[in-house]
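Below you'll find the structure, written out as structure tokens, and then a few comments.
Count residues from 1 along the sequence. In what follows, every heavy atom counts, from backbone to side chain, and hydrogens, waters and symmetry copies are set aside. As the structure is a computational prediction, the values presented were derived from the model and not from experiment.
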Amino acid sequence: MLYDVSHRGYYAPRTLKAGVVMPIGDREPGRAACAGTEPGSQTSIWDLPERGARGPKPRHGRTAVAAAAVRIADAEGLSALTMRRVAGELGMATMSLYNYVPAKDHLTQLMIDHLAGEYAYPPELPADLRSGAADLARQARDIARRHPWLPELLHRPVPPGPNGLRYLDYFLGLLDRSPLDTGAKLEVIAMISGFATMYGGMQAALASQRAGSGASAEEQAAAQTQAFARAAASGRYPNLTAALTTAGPARGEDDIFESCIQRLTDAVGPAAHQDR
């Protein structure tokens with residue numbers, strides 16, 4: 001997850017990659033619009049009671065709704081994710097699902113927070129910030145690998161849920177001894193988690209291409225290298241040509257990721273790495 005502080009006073013997930021609006025409307029004809037469905041709405045599902053004070057106990061909870069939506073997106077992609085489809089996965093009528101998820105934005109919030117629950121935290125904060133931040137970055141990358149639709153879903157801010165707040169609180173704990181102010185700390189969190197999520201999504205996309213084409217990772221990399229070589233040979237890009245002339249040996253995707261994370265974590269300053 002990637003967090004920043006908005007002027008409205010809450011921590012809002014963002015990504016460095018623009019996304020496509022998630023097609024989960026499918027509101028039943030004639031049903032009145034619920035709060036939070038208007039463009040730009042930031043109504044939080046976490047501010048709404050999970051169940052009413054009256055009536056029978058619901059058959060499902062928010063966790064089950066989120067898990068069902070994630071299963072559908074994992075198996076069929078976001079294009080298959082509709083309120084009707086989620087309701088069918090849970091064995092209920094579409095209208096009944098709105099008792100759990102009053103608006104389409106709320107389903108997005110539940111899904112994002114459900115994935116934030118996949119982070120694992122050590123019982124004690126590590127003494128070295130860089131190792132702790134790198135661990136979170138690897139987890140963010142792996143979450144996006146498992147759920148390659150996540151970068152697309154994070155195309156605009158949504159209110160955070162309990163799992164997202166747990167992530168933010170832990171990361172801020174890692175930065176506790178950093179000389180950076182609060183705004184700068186949040187920028188570091190945004191850069192690291194945003195890059196890691198984007199990178200994991202890119203790796204998942206490349207893996208999907210390999211599965212469909214039969215090409216290897218080496219062949220994919222070679223195709224990109226050849227494209228750069230052709231551009232350099234054109235004579236129109238002198239700086240690119242100079243950079244390619246002094247380029248080192250080819251590296252794998254994971255090696256590049258580790259190098260990038262090291263550079264990003266170095267941005268917090270040496271005081272953040274003191275033993276606790």
Side-chain angles (χ1 to χ4, degrees), residues 1-2 13-20 22 70-81 111-112 115-116 118-120 126 128-155 188-268:
M1 304 302 107
L2 178 56
R14 302 175 184 266
T15 59
L16 305 180
K17 173 182 175 182
V20 179
M22 180 178 172
V70 167
R71 286 196 302 272
I72 294 168
D74 284 347
E76 305 174 43
L78 290 181
S79 61
L81 189 62
M111 294 175 70
I112 291 172
L115 297 193
E118 295 187 8
Y119 285 95
D128 178 57
L129 175 144
R130 284 178 292 187
S131 65
D135 175 67
L136 287 183
R138 293 183 195 106
Q139 291 193 61
R141 175 200 58 189
D142 293 345
I143 288 171
R145 280 172 168 175
R146 293 192 296 270
H147 313 286
W149 43 267
L150 177 60
E152 184 176 334
L153 196 61
L154 292 170
H155 64 281
V188 168
I189 295 173
M191 288 189 295
I192 293 174
S193 57
F195 168 77
T197 299
M198 179 188 68
Y199 200 92
M202 179 199 70
Q203 287 188 302
L206 289 172
S208 178
Q209 288 179 359
R210 290 195 294 269
S213 67
S216 67
E218 291 74 18
E219 289 171 330
Q220 283 181 323
Q224 187 178 52
T225 300
Q226 291 166 8
F228 282 134
R230 287 193 297 272
S234 72
R236 295 194 296 269
Y237 310 100
N239 296 311
L240 174 61
T241 301
L244 291 175
T245 301
T246 59
R251 295 180 295 168
E253 293 174 3
D254 291 339
D255 290 335
I256 294 172
F257 177 82
E258 292 295 331
S259 178
C260 290
I261 291 302
Q262 180 179 345
R263 296 183 189 281
L264 289 172
T265 55
D266 282 346
V268 301

Apply side chain to side chain contact (heavy atoms under 4.5 Å, CB included) to the pair L153 and H147, showing each step before the final yes or no.
CA-CA 10 Å; L153 196 61; H147 313 286; over 6 Å; no
E253/L206 under side chain to side chain contact (heavy atoms under 4.5 Å, CB included): CA gap, chis, key distance, verdict
CA-CA 10 Å; E253 293 174 3; L206 289 172; 3.3 Å; yes
Would R145 and R141 count as a side chain to side chain contact (heavy atoms under 4.5 Å, CB included) if you check the C-alpha gap in whole Å, the side-chain angles of each, and the deciding distance to 0.1 Å?
CA-CA 6 Å; R145 280 172 168 175; R141 175 200 58 189; 3.8 Å; yes
Give the intermediate values and the outcome of side chain to side chain contact (heavy atoms under 4.5 Å, CB included) for residues I143 and R146.
CA-CA 5 Å; I143 288 171; R146 293 192 296 270; 3.3 Å; yes
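Scanning both residues, G201 and P151, for their nearest heavy atoms gives CA-CG, 4.0 Å. Nearest heavy atom pair, residue A196 against residue A137, reads CB-O, 3.3 Å. Counting all heavy atoms, side chain and backbone alike, A204 lies closest to A144 at CB-O, 4.2 Å. Scanning all heavy atoms of the two residues, the minimum distance from A73 to M111 falls at CB-CE, 4.1 Å. Listed here is the closest heavy atom pair of S193 and A140: O-CB, 4.5 Å.
Distance check: D254 CG to S259 OG gives 12.5 Å after rounding to the nearest 0.5 Å. Between the CE atom in M198 and the CG atom in L150 there is a gap of 13.0 Å [rounded to 0.5 Å]. The distance from atom CD of Q262 to atom CZ of R130, rounded to the nearest 0.5 Å, is 7.0 Å. Note that CD1 of I261 and CG of D135 are 11.0 Å apart. Values are rounded to the nearest 0.5 Å. Separation of atoms CZ (R236) and OG1 (T241) is listed at 10.5 Å; rounding is to 0.5 Å.
Ion pairing between E258 and R138 holds under the 4.0 Å rule for side-chain N and carboxylate O.
At least one side-chain heavy atom of I192 sits less than 4.5 Å from a side-chain heavy atom of T265. Side-chain contact check for V70 versus W149: some heavy-atom pair is nearer than 4.5 Å. Contact check for E219 versus S213: no side-chain heavy atoms found under the 4.5 Å cut-off.
In this structure a side-chain-to-backbone donor-acceptor pair under 3.5 Å is missing from T197 to G194.
Between F257 and Y199, the ring-plane angle classifies as tilted under the 30° and 60° cut-offs.
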